[in-house]
Amino acid sequence: MISEVIYLHYLNALLEGNKKECTQIVVNLIDQKIQLKDIYVHLFQRSMYRVGTLWEKERCGIADEHIATKITDSLIELVNYSFASKERVGKLAVITGIDKEFHELGAKMVAGYFEASGWDTCFLGSNTPQNEVLRIITEKNPDIVGISSSFYINIMRLIKLIQLIKENKPDQEILVGGQALADGRSEGLSKFDNVRYIESLNELEEFLVSFQKT
């Protein structure tokens, strides 16, 4: 686990825009064999939620939030590389956001978790046009498509993308994550076959274990 002292040390460095100090903290955690999920959830996710809260309360500026996001993005890349499994399971996941959304840290962590589990990934990032998502799915023929959506106001864009994917590939397995469907707002997915809302990395881990057995 990541101690409160380490978390606060990291958060302070992040708010100061001290990338070097943040990087050293993360490298130390990797060297200490801290689990990938702990770094994702108890360091990156927790600190960015805190930054977001401070911004909402006008206790930090938008530039501070952008700096924290960029630092976190680079450290996710570092962690993903460090934890990527050398053993491959022969499966592919396409991970994407939806158009008109620009948040991608969560989706990038999900892609990293797939890689750590031995999967190959194709990460499309945020604000990907629907036609491009469909093209990549057709070309790559992935075992799983992961879609991240952060804002409930964009739920219809999410549903539309799922509908388009299903029109082309009715049996495509789709996982949906992100705050848009949190707090019981995932009922709209029930009309689709093989579409699941994944609320946490623990749920993703359980799903992948069962999926790889099929």
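Fair warning: this is a prediction, and the values are worked out from it, not measured in the lab. Numbering starts at 1 and runs along the sequence shown.
- Because its NZ or CZ atom is both nearer than 6.0 Å to the ring centre of Y7 and within 45° of the ring axis, R46 counts as a cation-pi partner of that residue.
- Classification of K91 and E173 as a salt-bridged pair fails, no side-chain N sitting under 4.0 Å from a carboxylate O.
- Considering only heavy atoms from C-beta on, V176 stays 4.5 Å or farther from I198 through its side chain.
- In the model, E115 has a side-chain atom that pairs as donor or acceptor with a side-chain atom of T121 under 3.5 Å.
- Within the 3.5 Å criterion, the main-chain N or O of C60 finds no donor-acceptor partner in the side chain of D64.
- Inspection of the N202 and K37 side chains reveals an N or O donor paired with an N or O acceptor under 3.5 Å.
- A donor-acceptor contact under 3.5 angstrom links the side chains of N28 and Q24, judged on distance only.
- Interatomic distance, CD of E101 versus OG1 of T96, reported as 10.5 Å (0.5 Å rounding).
- Under the 30°/60° scheme for interplanar angles, the aromatic rings of H103 and F151 are found to stand perpendicular.
- In this structure, Q32 places its CD atom where more than 12 heavy-atom neighbours from other residues, nucleotides or ligands lie under 6.0 Å away.
- Electrostatic pairing of E65 and K70 does not count as a salt bridge here, judged by no charged N lying under 4.0 Å from a carboxylate O.
- Between T128 and D99 the shortest side-chain heavy-atom distance does not fall below 4.5 Å.
- Separation of atoms CG (L105) and OG (S148) is listed at 9.5 Å; rounding is to 0.5 Å.
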L189 and I159: CA distance, side-chain angles, deciding distance, side chain to side chain contact (heavy atoms under 4.5 Å, CB included) verdict: CA-CA 8 Å; L189 303 181; I159 296 299; 4.1 Å; yes
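- Taking each heavy atom of L164 and N168 in turn, the nearest pair found is O-ND2, 3.0 Å.
- F114 and I137 are members of different hydrophobic clusters when ILVMFWY side chains are connected at heavy-atom separations under 4.5 Å.
- Under a 3.5 Å cut-off, the side chain of D143 and the backbone N or O of L92 do form a donor-acceptor pair.
- A side-chain donor-acceptor contact under 3.5 Å links N80 and Y40.
- In this structure, CG in L204 is found 7.0 Å from OG in S117, a value given to the nearest 0.5 Å.
- Each of F211 and V195 belongs to its own hydrophobic cluster when Ile, Leu, Val, Met, Phe, Trp and Tyr are linked at side-chain heavy-atom distances under 4.5 angstrom.
- Of all the heavy atoms in I136 and C122, the pair that sits closest is CG2-SG, 4.0 Å.
- Panel note: side chain N18, backbone L14; no donor-acceptor pair is recorded below 3.5 Å.
- The line from CD1 of I95 to CD of E104 is 12.5 Å long, rounded to the nearest 0.5 Å.
- To the nearest 0.5 Å, the span separating SG on C22 from CG on L15 amounts to 8.5 Å.
- A 4.5 Å side-chain heavy-atom check between Q163 and K191 finds at least one atom pair inside the cut-off.
- Across all their heavy atoms, K100 and N154 have their closest contact at O-ND2, 4.2 Å.
- E203 contributes a side-chain N or O that, together with a main-chain N or O of E199, makes up a donor-acceptor pair within less than 3.5 Å.
- Between the side chains of E205 and Y113, a donor-acceptor pair is found at a separation under 3.5 Å.
- Counting only N and O atoms by type, the side chains of S210 and E206 include no donor and acceptor under 3.5 Å apart.
- No side-chain heavy atom of L175 sits less than 4.5 Å from a side-chain heavy atom of V145.
- In this structure, E77 pairs ionically with K108, as a charged nitrogen and a carboxylate oxygen lie closer than 4.0 Å.
- When the shell of 6.0 Å around CZ of R59 is examined, it contains 12 or fewer heavy atoms from other residues, nucleotides or ligands.
- Inter-residue side-chain proximity for D193 and D171 is flagged as unmet; no heavy-atom pair is nearer than 4.5 Å.
- The hydrophobic clustering, which links ILVMFWY residues whose side-chain heavy atoms are closer than 4.5 Å, places V89 and V94 apart.
- In this structure, K140 contributes its side chain and R135 its backbone to no donor-acceptor pair below 3.5 Å.
- Between I174 and I144, every side-chain heavy-atom pair lies at or beyond the 4.5 Å cut-off.
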ask   = Do E21 and Y10 pass the side chain to side chain contact (heavy atoms under 4.5 Å, CB included) test, and can you show the C-alpha distance, the side-chain angles, and the key distance before you say yes or no?
value = CA-CA 8 Å; E21 187 67 19; Y10 176 85; over 6 Å; no
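- Side chains of N141 and K169: a donor on one and an acceptor on the other come within 3.5 Å.
- Using a 4.5 Å cut-off between side-chain heavy atoms of Ile, Leu, Val, Met, Phe, Trp and Tyr, with links allowed through other members, V110 and I147 fall into different hydrophobic clusters.
- Scanning all heavy atoms of the two residues, the minimum distance from D38 to I2 falls at O-CD1, 3.4 Å.
- Considering every non-hydrogen atom in both S85 and A116, the closest pair reads CB-O, 3.4 Å.
- A continuous path of hydrophobic side-chain contacts links I67 to I76 [ILVMFWY only; heavy atoms under 4.5 Å].
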inquiry  = Let's go through I98 and V133 carefully: what are the C-alpha distance in whole Å and the side-chain angles of both, what is the deciding distance for side chain to side chain contact (heavy atoms under 4.5 Å, CB included) to 0.1 Å, and is it a yes or a no?
reply    = CA-CA 9 Å; I98 61 174; V133 175; over 6 Å; no
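- Closest of all the heavy-atom pairs between L181 and L158 is CD1-CD2, 3.8 Å.
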For N194 and K166: C-alpha separation, side-chain torsions, deciding distance, then whether side chain to side chain contact (heavy atoms under 4.5 Å, CB included) applies. CA-CA 10 Å; N194 299 324; K166 287 297 186 178; 3.8 Å; yes
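- Within the 4.5 Å cutoff, side-chain heavy atoms of F44 are placed close to those of I39.
- Put simply, CG on L75 and OG on S82 are 10.5 Å apart, with the number rounded to the nearest 0.5 Å.
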